[in-house]
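Sequence lines set the chain letters: A, B, ... in the order given, protein chains first and strands last, and positions in each chain run from 1. Note: hydrogens, waters and symmetry copies are ignored here, and every other heavy atom, side chains too, is used.
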Protein chains: 2
Amino acid sequence: MSTIADVARHAGVSVSTVSYALSGSRPISAGTRTRVEASMKELGYQPNAMARSLAARRTQVIALLYPEVERGLGGTGGEFVRAAAERCREQGYQLVLWPFRSDEADQALTLARQGMADGVLVMEVVTDDQRVAKLEAARVPYAMIGRTTDAGTRPSVDVDFDTTVEQAVAHLVGLGHRHIGFVNHSQAMLDAGYGPTVRAAAAFDKAMTDRGLVPVSRTCEDSPVVGRAVTADLLDADPDLTAIVTMNELATFGVYAELHSRGLSIPGDVSVLGIVSSPGVGTLSYPPLTTMHSPGAALGRLAVDCLLGQLDPARAAVPNQLIPCVLEPGMSLGPARTRRGA
Amino acid sequence: MSTIADVARHAGVSVSTVSYALSGSRPISAGTRTRVEASMKELGYQPNAMARSLAARRTQVIALLYPEVERGLGGTGGEFVRAAAERCREQGYQLVLWPFRSDEADQALTLARQGMADGVLVMEVVTDDQRVAKLEAARVPYAMIGRTTDAGTRPSVDVDFDTTVEQAVAHLVGLGHRHIGFVNHSQAMLDAGYGPTVRAAAAFDKAMTDRGLVPVSRTCEDSPVVGRAVTADLLDADPDLTAIVTMNELATFGVYAELHSRGLSIPGDVSVLGIVSSPGVGTLSYPPLTTMHSPGAALGRLAVDCLLGQLDPARAAVPNQLIPCVLEPGMSLGPARTRRGA
DNA sequence: GCGATTCGTCGAAGCGCTTCGATAGCTATA
DNA sequence: TATAGCTATCGAAGCGCTTCGACGAATCGC
């Protein structure tokens, strides 16, 4: 592997000239630049990233703390990562994923303090996230996807749960539904202060009561089996129920199963709307589920900008933003029809 | 952030002594070591990873080329990553994921040539994988998950498709099935030489013909809709079919849908066995799918060992290994029952 | 036509660490 | 007691790059 000194020798210029030709941080004459570039190409030169980072005191790497290792990465996560990586490259950075479980966050912090990355993107933030507190204490630049309790004061981007839930309810009410059930994530996540769970629950209550309707919501493990049981419970609790909003993809399979087994047609008897879902999951069910899917790509780009805004004082700071989900039509929504009589 | 020089000064020793105390690569007296460690703690010292890598000419980082960005990372992928990361740490390395699509592989190669990692793990290898050829040309140490055509000559670990398919067929035949269909991945993947698709297809043919049975197999897009159509085609093609082996998780949803819609019970009329599947997907269907799931964790550890074996001549070289899938019982398998008569 | 700029380039000083060779003080050997 | 062999430590030379200050040459203003 050739070094910058080899290139300099080959081109008959000094090392610093090669460096400036490479970075463009000082003017270089066209002739020199041409010669230097020719030499680089001929020698197959690639600058050494470690040496560069050491000298420049910046790695040009940003790390994505990636806690869902064992669960894998869903479609939304994939979109997010893809968009974030792309945005990073546009801005001259590399995105790398650090696969640590949430309880291994200290190790990630250590890596950051060792200068393995210039900043960190934190996914799956919980309301009282220790990782964020530690990053802050160690003065590691970061941006969150999700929010802690002190909404808005820390650098973050997030799904706009309030708007999403509000739109979901509005949509269903527009179809004539008055009795709408909500299937959330698990009670454990609610108790742990997992942001989406907490905020969506509150938003649903608000959206319903604002319209003078009675919110019927349930927490539910992320599994089809429990989803089915919870659906049974919902249907029994409110015999007039004509629509179910789910924010739990696995449970949604159970919702379908229970409705089918009771001979209730979708959307004839009951409409189902999956919110904050991955793109494409709607097609896994029959009839295809209508969803409002997470704006993963938009969040990815935004999160990167939010972080880079802190790394480089020259960049404009990016304000914290909330982005609602996008409706993706399926076949699971229809006008309300009285069920009790049937 | 304090440097090694700060620690040396604080402890009253030379910089090299601190370095040796840290690495243990030369003997240090107990007293000195204690003092150095105390100083490090007091100053909150963290060695700078870039400086270390530059001087040592090793980053202690291994990169996982992670092509499925947009699709996300399935359960098996998650298990793999998790195990690989753990194994790396045990061995004093860090695993990072590089999110590049396959067609962006050149960028990853560039990163490797810039010395961002000591070696690369390549996922989702296709039979004639350009990435591997390029890594080899650039003399970047690597290990594959999957194999190219020249099976066995290159460093790799993989699912043992032959054994898995053989066991799957043996299992079904043991239940009395003689007419077994196979749902593979898409024709496009087969044509692209995607290893699992190619090898499983061959293995299925062999397993069946070895038993004097007629293999009925189909390629199939990774989607429930196409899976359903393909299932219809299979059932029509062989009216005696009593079992279906699928190696396509999304298509399997379609298999269930078609069977259900024809009023065929699972496993009463038709048994379904999902192979090379993610753990847990079985529970998404009703009745729960019996699966043979990928040995993701075992492959993860092995892949890391295989790569480290090349990086460090002192380590024993790890031979290429194939690991079969593991049966995970569900409720979708039963004894064969003649369907034609029904 | 002469000082003041600007442009393009060079040399050198680091960045924070590892590692080689040297050395001082010991202990065991003959 | 002189010699060899250890052990623990130090100093210095890099690793390959960035970046600062300096400087000669070309350009400008008037």
- d(L299(A) CG, D158(A) CG) to nearest 0.5 Å is 7.0 Å

- Assign each of S53(A) and G31(B) the nucleotide of DNA chain D bearing its closest heavy atom; nearer the 5' end lies the nucleotide of G31(B)

- Message: Going by side-chain contact (heavy atoms from CB on, under 4.5 Å), P155(A) matches just one of C306(A), P319(A), P141(A). Which one?
- Response: C306(A)

- Query: At under 4.0 Å between heavy atoms, what does L54(B) touch on the DNA or RNA strands: base, sugar-phosphate, or nothing?
  - Reply: base

- Task: With a 4.0 Å heavy-atom cut-off, tell me which residues in residues 5-21 of chain B come close to DNA chain C, sorted by residue number.
- Result: V15(B), S16(B), S19(B), Y20(B)

- Query: Per the end-axis method with five pairs at each terminus, what is the bend angle of the helix from dG1(C)-dC30(D) to dA30(C)-dT1(D), to 10°?
  - Reply: 30°

- Query: Once you round to the nearest 0.5 Å, how far does CZ of F100(A) lie from CG of L111(A)?
  - Reply: 4.5 Å

- Quick one: list whatever passes side chain to side chain contact (heavy atoms under 4.5 Å, CB included) with A317(B), sequence neighbours left out. none

- Message: Please find the pair of heavy atoms, one from V36(A) and one from A21(A), that lie closest to each other, and give the distance.
- Response: CG1-CB, 4.0 Å

- Cut-off 3.5 Å, side chains only: do Q310(A) and Y142(A) have a donor facing an acceptor? no

- Query: Any Lys/Arg nitrogen of K41(B) or E37(B) sitting under 4.0 Å from an Asp/Glu carboxylate oxygen of the other?
  - Reply: no

- Message: With heavy atoms of chain B within less than 4.0 Å as the criterion, where does contact along DNA chain C begin and end?
- Response: dG16(C) to dA22(C)

- Message: Under the salt bridge (Lys or Arg N to Asp or Glu O under 4.0 Å) definition, can you give me all pairs with a residue in residues 297-322 of chain B, not counting sequence neighbours?
- Response: R87(B)-D305(B), E90(B)-R301(B), D312(B)-R315(B)

Output side-chain donor-acceptor pairs under 3.5 Å for residues 42-49 of chain B, partner residues at least two apart or in another chain, one line each.
unit_1	atom_1	unit_2	atom_2	d
Q46(B)	OE1	Q114(A)	NE2	3.3
N48(B)	OD1	M50(B)	N	2.8
N48(B)	OD1	A51(B)	N	2.8

- Hey, what do you get for OG (S23(B)) to CD1 (I28(B)), rounding to the nearest 0.5 Å? 8.5 Å

